[in-house]
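Below, chains carry the letters A, B, ... as their sequence lines are ordered, and counting in each starts from 1.
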Protein chains: 2
Amino acid sequence: MKKGRVTIIDIARELSIAPSTVSRALKDHPALKKETKDAVRALAKKLDYQPNLLALNLLQKKSNTIGVIVPEITSHFFSAIITGIQDVIGDSEYNIMICLSNESYEEEAVIIKKLLKIQVDGVLVSPTSETKNFDHFRTLQKNDIPVVVFDRDCPGLEADKVLVDDYAGAFQAVEYLIKSGCTKIAHLGGPLNLSTTKHRLQGYLDALENADIPIRKEYIEHVPGFSHDDGLKPAERLLKLEDLPDAIFAMNDNIAISAMHIARKMALKIPDDISIVGFDDEPHSSYFRPSLSTVWQPVYSLGMLSARIILHRLNDKGPQKNFRQEVFKPELVLRASSRECASRKNDKVKL
Amino acid sequence: MKKGRVTIIDIARELSIAPSTVSRALKDHPALKKETKDAVRALAKKLDYQPNLLALNLLQKKSNTIGVIVPEITSHFFSAIITGIQDVIGDSEYNIMICLSNESYEEEAVIIKKLLKIQVDGVLVSPTSETKNFDHFRTLQKNDIPVVVFDRDCPGLEADKVLVDDYAGAFQAVEYLIKSGCTKIAHLGGPLNLSTTKHRLQGYLDALENADIPIRKEYIEHVPGFSHDDGLKPAERLLKLEDLPDAIFAMNDNIAISAMHIARKMALKIPDDISIVGFDDEPHSSYFRPSLSTVWQPVYSLGMLSARIILHRLNDKGPQKNFRQEVFKPELVLRASSRECASRKNDKVKL
DNA sequence: TTGTACGCGTTATCAT
DNA sequence: ATGATAACGCGTACAA
């Protein structure tokens, strides 16, 4: 006969006790007779009682939801991070709400407002490539909503951060190219505003400088976005230079693949004429021909750690301080798109 | 001085009127003096009043949330669908909650319980490859939660459905292979339980039968999952047969890539010795060498339509009936991994 | 050991 | 035109 779902009031009425007693029984309150507890629990199970989270949310002024803001999910990179986040938060009391900013600062700002509106308890965010101002994240913090930044840094923002040592990854990659005999190494960088772009560029520059190789401006191009298509024109510019590069270190695998595509079109042999190294180690990268050398990032772990950190913040209340900054080490994965290096011939080569 | 956020009570007190009046003013109730309306609105703006959705949720017994259940998001296929869903629902009053079932029936069932608990208003779902029983979806429906099934069908379940004509896609692909001169066409199918697997298999079978080509059992293999690695062994089995196939129609692009990989290892020329056709048209598929012929699916539209349908259901209450079944047409995309076909030489070829 | 009463923020219904 | 009150479901301080 009852229309809606059963409530503690229904149970109370049935048992001729007070709703508060039912509430206490369900929460295993110490000062309760075993009998009543058992009776309540039995009936609750029988009636398939489900606590109304909506009521709890209002009472506790929290939504039990964690917002996750990412620029996109169609790349393996972010979708793997999200999978890591899910796997950690799925076991907790929290729900996660994934929001796509589409690499647009404006959309990101709108999302923040929405998350504020629904009273999220915490936010995990990887900012867009347009984001230079972080005040919208600070707004969250002022509302006592902890923020964890992952992968893409927000310089100057005080928050927990889970990053990747892009500098080291780039340095390692370029250093390897140099050791393998390349001297004219070009770089296909990402959108300039991004911390990852900057750090990878710096790693590239320092590796060259470290080997006393002069830096040539015309060997550095920046792509407008992260898809294959975004890489075509910049790659073409590099490969149309009079003094052809003998190696390209690309911002990510997609761009590296674009470069490979252009190189092949121009009948260049990879890696004999030109070595190509990417970044990200997307699952299909090892299936290209030649298989793509790249820099692997611990994406899944990155997602999991970010999630754990925010859960921790949410559990131990109090003022937000002592922010953590965790930095994962990426790993160079050598495959067939880069020349072999005499001094490292004995290294294991992942295939 | 106020600790929490401003409420209509704060506004009411400040203006010495009743909270209900404030509520009405904010909702533009017709029977209200312009003066009071304006005063309320002005103060609301000044105080940056934000309605407390948590309270509304309790009152309306709904969470304003739509659950989206997908097996995974690391493939471009599902992540693009989700992007479509987001783009539609983002403009509405609803939030979306993405849940990953990891191709596990058990996890799927757990997710349903969770969504029930948080009182989602509707659910979009693409079932796992293990899911044979749909009672958990029916449970949602019994709780007046509309369900929209997308991409992967749930035979026997009465619900709105947004599908792809996998049969036609497969038929077309295999028909093309036949026209291009292949006679020994093998199939790398997906997990057998899946509707998409069944329909693509049937399309394959019918296309052969239609051309009076006998069906050979040893030419049909099924992969356990959808990743590259899952395709390696089945592909190897096919290519170790004494009577080698001269074409492979694969369940998806990943598997097709695996087959290409194995074929190359065995020094087979593609497409001269063997044609390979995939399904999905992942963004990187055109960058392989040879570029992969495949079947394109309107993933983004599929996501958008699914979202629109559930929004429509949510708006127009009433008993759930007259379920819609929308079927998108996939498109064969010819590239370099399949032989050219004399009779279709004039067709445009997407690259 | 258990019941009573109130509050969380909002809206709808009934008064006025 | 607007105020008062109840209700959504639960937890908890206080009372008994």
Asks: Return a table of donor-acceptor pairs under 3.5 angstrom between the side chains of residues 147-160 of chain A and protein atoms on other chains or two or more places apart.
Replies:
residue, atom, partner, partner atom, Å
R152(A), NH1, E103(A), OE1, 3.1
R152(A), NH1, E103(A), OE2, 3.4
R152(A), NH1, P127(A), O, 3.0
R152(A), NH2, E103(A), OE2, 3.0
D153(A), OD1, K161(A), NZ, 3.0
D160(A), OD1, R313(A), NH2, 3.2
D160(A), OD1, R324(A), N, 2.7
D160(A), OD2, R313(A), NE, 2.6
D160(A), OD2, R313(A), NH2, 3.4

Asks: Closest nucleotide of DNA chain D for L58(B) versus for P30(B): which of these residues is on the 5' side?
Replies: P30(B)

Asks: Would you mind building the protein contact string for nucleotides 11-16 of chain D? One character per nucleotide, 5' to 3', B for base within reach (heavy atoms under 4.0 Å), S for sugar-phosphate only, - for untouched.
Replies: SBB---

Asks: To check you understand the geometry: which heavy-atom pair defines the closest contact between L194(A) and S129(A), and what is its length?
Replies: CD1-CA, 3.4 Å

Asks: Provide, to the nearest angstrom, the distance between the NE2 atom belonging to H29(B) and the P atom belonging to dC14(C).
Replies: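 Rounded to whole Å, this separation is 14 Å.
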
Asks: Looking only at heavy atoms, what is the nearest atom pair of T36(A) and K33(A), with distance?
Replies: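 Of all heavy-atom pairs spanning T36(A) and K33(A), the closest is OG1-O, 2.8 Å.
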
Asks: Can you tell me if E108(A) and T131(A) form a side-chain donor-acceptor pair at under 3.5 Å?
Replies: yes

Asks: Report the distance from atom CG of L54(A) to atom P of dG9(C), rounded to the nearest whole Å.
Replies: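 Nearest whole value for this atom pair: 15 Å.
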
Asks: What nucleotide among dC8(D), dT2(D), dG3(C) has an atom nearest to a side-chain atom of I17(A)?
Replies: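 So the nucleotide nearest the side chain must be dG3(C).
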
Asks: Y300(B) and side chain to side chain contact (heavy atoms under 4.5 Å, CB included): which single residue from I85(B), I82(B), D87(B) fits?
Replies: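 For Y300(B), the side chain to side chain contact (heavy atoms under 4.5 Å, CB included) check succeeds only for D87(B).
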
Asks: Using atom NZ of K61(B) as one end and atom C1' of dA12(C) as the other, report the distance to the nearest whole Å.
Replies: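 Rounded to the whole Å, the gap is 15 Å.
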
Asks: Looking only at side chains, do E72(B) and T83(A) share a donor and an acceptor under 3.5 Å apart?
Replies: no

Asks: Without decimals, in angstroms, what is the distance between N52(B) CG and dG7(C) C1'?
Replies: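 My rounded result for the distance is 13 Å.
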
Asks: Specify the separation, in whole Å, of atom NZ of K62(A) and atom P of dC10(D).
Replies: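 Atom-to-atom, K62(A) to dC10(D), this comes out as 17 Å.
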
Asks: May I have the list of side-chain donor-acceptor pairs in residues 12-24 of chain A shorter than 3.5 Å, sequence neighbours left out?
Replies:
residue, atom, partner, partner atom, Å
R13(A), NH2, D10(A), OD1, 3.0
S20(A), OG, R24(A), NH2, 3.2

Asks: Once you round it to whole Å, what is the distance between C1' of dC10(D) and CD1 of I11(A)?
Replies: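 To the nearest whole Å, that distance equals 12 Å.
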
Asks: Starting at NZ of K34(A) and ending at C1' of dT1(C), how long is that distance when rounded to a whole Å?
Replies: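 K34(A) atom NZ is separated from dT1(C) atom C1' by 15 Å.
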
Asks: If you find the nucleotide of DNA chain D closest to A31(B) and the one closest to T7(A), which residue's nucleotide is nearer the 5' end?
Replies: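 The 5'-side residue here is A31(B).
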
Asks: Rounding to a whole Å, what distance do you find between I118(B):CD1 and dG9(D):P?
Replies: 17 Å

